[in-house]
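Written below as structure tokens is the structure these notes are about.
So you know, we letter chains A, B, ... as the sequences are listed, proteins then strands, and number each from 1. Worth knowing before you read on, the calculation uses all heavy atoms, side chains too, and leaves out hydrogens, waters and symmetry mates.
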Protein chains: 2
Amino acid sequence: MVDTTTPRTTRRRIETRRRLLDSAVEVFSEKGFGRTTVDDVCTRAGFTRGAFYSNFVSLDELFLTVWEERSDAFLASAEATVDEANQDPVTSLEEGIDRLLELSAIDDRWARIEWEFTAHALRTPGLREVMAAREERISELLLRILDRAMNHVNLRITDRAAFAAALIAVHDGTTVQMLIEPDPDAARERRRNLFLAVVQTYTEAAAS
Amino acid sequence: MVDTTTPRTTRRRIETRRRLLDSAVEVFSEKGFGRTTVDDVCTRAGFTRGAFYSNFVSLDELFLTVWEERSDAFLASAEATVDEANQDPVTSLEEGIDRLLELSAIDDRWARIEWEFTAHALRTPGLREVMAAREERISELLLRILDRAMNHVNLRITDRAAFAAALIAVHDGTTVQMLIEPDPDAARERRRNLFLAVVQTYTEAAAS
DNA sequence: CACCTTCAATACGTTTTTGTATCCAATACA
DNA sequence: TGTATTGGATACAAAAACGTATTGAAGGTG
């Protein structure tokens, strides 16, 4: 009796999945998920549909895989940055904000895909929980970063959950503005100020 | 010589367009714009595709029309509320926030469509400007409301453009959270507090 | 190196979706 | 009320997209 459900992971398979996933990012960001066909992705990757169906069961699965992979990569790289940052603590609130913004800086392409995925998740019951769980992980990571940073600037977080949620909300809300507004620099500056305001709202002077 | 480009607006035509537009809202929110076919919309409305092609040239046009119509309706109703509010001025900051949130309260269905439209606009050059213009109008309306309200609670807005943009960003960002998080009440409460914080950030005591 | 497995290519039929051209019932108008 | 126009239904052809069954070469295994 052989396991027919999960195919073995050979080198070839890994490479093929890799190219399909990368192509998916390109095509999804250009045409949107809904208007993308299986063939679009395959053609872009230089495969035929045979390759696709041998690696995924549906575009939905592909989209979820792409999204989870990239989200994981983001979290991992963020973790790494945090570790580095421990050797080089922030000296001011402003510097902390800038580091945070730099950390979450994402390219337009990926921002579009995230937006699209959220829209997709909003109408797909199973995905809502997946997104909520992911947001929870981001929230935790964020708080780990903030805890340390706040120490260095002598501040104390008042409401941890609300703080993290506020930062995420502001991040998301300002992202569209930066992509849509004719003057992206102004939007960037406004975003920075808003972040600063949020930090000041959810922290207070720490007893030293 | 008769004008063949713009068909006359007869009663029947108006009614048909109405039903198609309403059905589009339903279907788009259920399946997403990208996965919706012309026939989906027609069937839901009780028409055949003939009706559609006699009223619209493409699904893109339909989507834009739906979005603009609803946005206009929102702006108009908001204007009306503002006029009413003039007879009944706010007495506290908290009350003002609650009114603002009530004003922008939208149903899940429409929230999903707006998200979807934004995703669509982010990759459709022409639509980006349309959205930017719309945001500008919302910003103006918002400031008209705020100017009056701030008077009553004896506050002064420091940076008008940044204030409006911040409120819109926070509104958008917290909307997803309310739709995705397992505990919507907590999200609602956090949203309220965040709004309050933003108001306090972008205002100062007015010289009386 | 010979054998066996794997997996993308190919080929196939089917379903879905599209847009148009034509027709006829509803409706506007005089 | 009679007549002309309008607008949605119908029918049609074409294209797009799907999913599967089969094949053969590449890659792994003993």
Side-chain angles (χ1 to χ4, degrees), chain A residues 1-66 116 120 123-124, chain B residues 1-66 69 116 120 124:
Chain A
M1 220 45 193
V2 187
D3 180 13
T4 55
T5 56
T6 309
R8 240 162 83 197
T9 53
T10 65
R11 290 177 197 172
R12 184 149 76 125
R13 166 146 261 144
I14 291 173
E15 168 67 8
T16 303
R17 283 180 65 95
R18 175 77 282 116
R19 276 165 62 191
L20 284 172
L21 288 165
D22 290 346
S23 301
V25 171
E26 292 180 21
V27 183
F28 287 162
S29 77
E30 288 169 18
K31 311 183 53 169
F33 170 60
R35 293 260 168 109
T36 297
T37 69
V38 173
D39 216 59
D40 286 332
V41 177
C42 296
T43 303
R44 179 70 61 107
F47 290 114
T48 63
R49 274 179 323 173
F52 177 86
Y53 286 109
S54 155
N55 281 282
F56 302 94
V57 305
S58 66
L59 274 183
D60 273 59
E61 196 210 51
L62 175 65
F63 197 16
L64 177 57
T65 306
V66 164
E116 186 97 12
H120 180 46
R123 64 184 128 74
T124 312
Chain B
M1 220 45 192
V2 187
D3 179 13
T4 55
T5 56
T6 310
R8 243 160 81 198
T9 53
T10 66
R11 291 176 197 174
R12 185 150 75 125
R13 167 146 259 143
I14 290 172
E15 168 67 9
T16 303
R17 283 179 65 94
R18 173 78 284 114
R19 278 166 60 192
L20 284 172
L21 288 165
D22 290 345
S23 301
V25 171
E26 293 180 21
V27 183
F28 287 164
S29 76
E30 289 169 16
K31 311 182 54 169
F33 169 60
R35 293 266 167 106
T36 297
T37 68
V38 172
D39 215 59
D40 287 332
V41 177
C42 297
T43 303
R44 179 69 60 106
F47 290 113
T48 62
R49 288 200 333 277
F52 177 86
Y53 286 110
S54 154
N55 281 283
F56 302 93
V57 305
S58 66
L59 274 182
D60 271 61
E61 195 210 54
L62 176 65
F63 197 17
L64 178 57
T65 307
V66 163
E69 192 184 70
E116 186 98 12
H120 180 46
T124 313

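Judged by distance alone with a 3.5 Å cut-off, no donor-acceptor contact links the side chain of B:Arg12 to the base of D:dG8.
A heavy-atom distance below 4.5 Å is found between the side chains of B:Phe52 and B:Leu59. With contacts defined as side-chain heavy-atom distances shorter than 4.5 Å, the pair A:Arg44/A:Glu30 qualifies.
For an aromatic pair to be called close, the ring centres must be under 6.0 Å apart, and B:Phe63 with B:Phe28 satisfies this.
Between B:Tyr53 and B:Arg11, it is B:Tyr53 whose nearest contact on DNA chain C lies nearer the 5' terminus. Between A:Val57 and B:Thr16, the residue whose closest nucleotide on DNA chain D is further toward the 5' end is B:Thr16.
For A:Arg13 and C:dC7, the CZ to P distance is 4 Å, given to the nearest whole Å. Atom pair B:Arg35:CZ and C:dT17:C1' shows a separation of 15 Å (rounding to whole Å applied). When rounded to the nearest whole Å, the span between CZ of A:Phe52 and P of D:dT20 equals 12 Å. Between B:Glu15 atom CD and C:dA28 atom P the separation is 12 Å, expressed in whole Å. Computed from coordinates, the B:Arg49 CZ to C:dT16 P distance equals 13 Å when rounded to whole Å. Between the CG atom of A:Leu62 and the C1' atom of D:dA17 there is a distance of 16 Å, given to the nearest Å. Note: CG (A:Asp40) to C1' (D:dA17) measures 10 Å, nearest angstrom. Between the CG atom of A:Asp39 and the C1' atom of D:dC18 there is a distance of 10 Å, given to the nearest Å.
Between the side chain of B:Ser54 and the backbone N or O of B:Gly50, no donor-acceptor pair lies under 3.5 Å.
In terms of phosphate contacts, B:Thr10 brings no side-chain nitrogen or oxygen within less than 4.0 Å of OP1 or OP2 of D:dT6. In terms of phosphate contacts, A:Asn55 brings a side-chain nitrogen or oxygen within less than 4.0 Å of OP1 or OP2 of C:dA8.
Using a 4.0 Å heavy-atom criterion, one finds that A:Thr48 contacts the bases of the nucleic acid, with or without backbone contacts as well.
In this structure, B:Arg35 satisfies the cation-pi test against A:Phe33, with its NZ or CZ atom closer than 6.0 Å to the six-membered ring centre and inside 45 degrees of the ring normal.
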